[in-house]
Amino acid sequence: MAKVQVKAVGDVALKILVGLLFVCIGIEGVANGGGNDLYRAIDNETVNIILGVILIVCGLLIIVPIFISGIKPVFSKYSMIIVSIVWVLVIIFSDFVYGFGNISGIEIFEWLEGFIYHILILLSILQASKGALKGIVK
C-alpha cells in the first residue's frame, strides 16, 4: 500500500512541476521575455504572446484538475500533448539551432550539460503525460 501512495504523490508532484514550468514559460512569452530560444526563433511578438497564453492555459489545465474536479480529462490530455510538442521544439532550437554552432574544446561539455537538462525535463514531461500520450505513442 505504501508504495502505491508514494508513487501517486510523485506523479502528482511531477504534474504540478510540469504545469508550473509551462505557466512560467508562457508568462515569458506574454511578457516578451527573450530567455527562451523558442520565442527567439519565432521572433514575432504577436505569435509569442499567443503561444505564451496557450502555454499558460495548458500549464493551468495540467495543475488545476489535480485539486478541483469537474474539468474534463480531455483538456489535460491535450494540454500534455501540446507541452510535449513545445518542449521538443525548445530542445531543437535551444540545443541544435542556436546552441550547437561553433563549439570547440570544453564548450562541448557545456552544450552537453544543457542538452541533458532538456532531455531530463522531456522525460519528466513524458512521465507526467504517460496517460495522455498513450494513444499517440505506442
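All heavy atoms count here, side chains included; hydrogens, waters and symmetry mates do not.
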Gap between atom [atom2] of [Y] and atom [atom1] of [X] - 0.5 Å precision:
{"X": "Ile56", "Y": "Ile27", "atom1": "CD1", "atom2": "CD1", "answer": "5.0 Å"}
{"X": "Trp87", "Y": "Ser124", "atom1": "CH2", "atom2": "OG", "answer": "10.0 Å"}
{"X": "Ile54", "Y": "Ile49", "atom1": "CD1", "atom2": "CD1", "answer": "12.0 Å"}
{"X": "Ile63", "Y": "Ile71", "atom1": "CD1", "atom2": "CD1", "answer": "11.0 Å"}
{"X": "Lys15", "Y": "Leu17", "atom1": "NZ", "atom2": "CG", "answer": "13.0 Å"}
{"X": "Ser76", "Y": "Ile81", "atom1": "OG", "atom2": "CD1", "answer": "11.0 Å"}

Can you name the nearest heavy-atom pair linking Gly52 to Val30, along with the distance?
-> C-CG2, 3.9 Å
Which atom names give the shortest non-hydrogen contact between Gly26 and Leu55, and what distance separates them?
-> CA-CB, 3.9 Å
For residues Val83 and Ser79, determine if any side-chain heavy atom of one lies less than 4.5 Å from a side-chain heavy atom of the other.
-> no
Do the side chains of Phe22 and Ile125 get nearer than 4.5 Å, heavy atoms only?
->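 With C-beta onward as the side chain, the pair touches.
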Please report, to 0.1 Å, the donor-acceptor pairs under 3.5 Å made by any side chain of residues 113-122, with sequence neighbours excluded.
residue: Glu113; atom: OE2; partner: Tyr117; partner atom: OH; Å: 2.7
residue: His118; atom: ND1; partner: Asp95; partner atom: OD1; Å: 3.1
residue: His118; atom: ND1; partner: Asp95; partner atom: OD2; Å: 2.8
residue: His118; atom: ND1; partner: Gly114; partner atom: O; Å: 3.2

Counterpart residues, side-chain contact (heavy atoms from CB on, under 4.5 Å), relative to Ile42 (two or more places apart) | Leu38, Asn44, Val47, Asn48, Leu51
Leu14 and Ile82: same hydrophobic cluster, using ILVMFWY side-chain contacts below 4.5 Å?
-> no
Considering residues, nucleotides and ligands other than Glu45, do more than 12 of their heavy atoms fall under 6.0 Å from its CD?
->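 Open.
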Evaluation steps, side chain to side chain contact (heavy atoms under 4.5 Å, CB included), between Met80 and Leu61 = CA-CA 9 Å; Met80 291 305 283; Leu61 285 173; over 6 Å; no
Show your reasoning for whether side chain to side chain contact (heavy atoms under 4.5 Å, CB included) applies to Ile25 and Tyr39.
-> CA-CA 10 Å; Ile25 292 172; Tyr39 294 130; 3.8 Å; yes
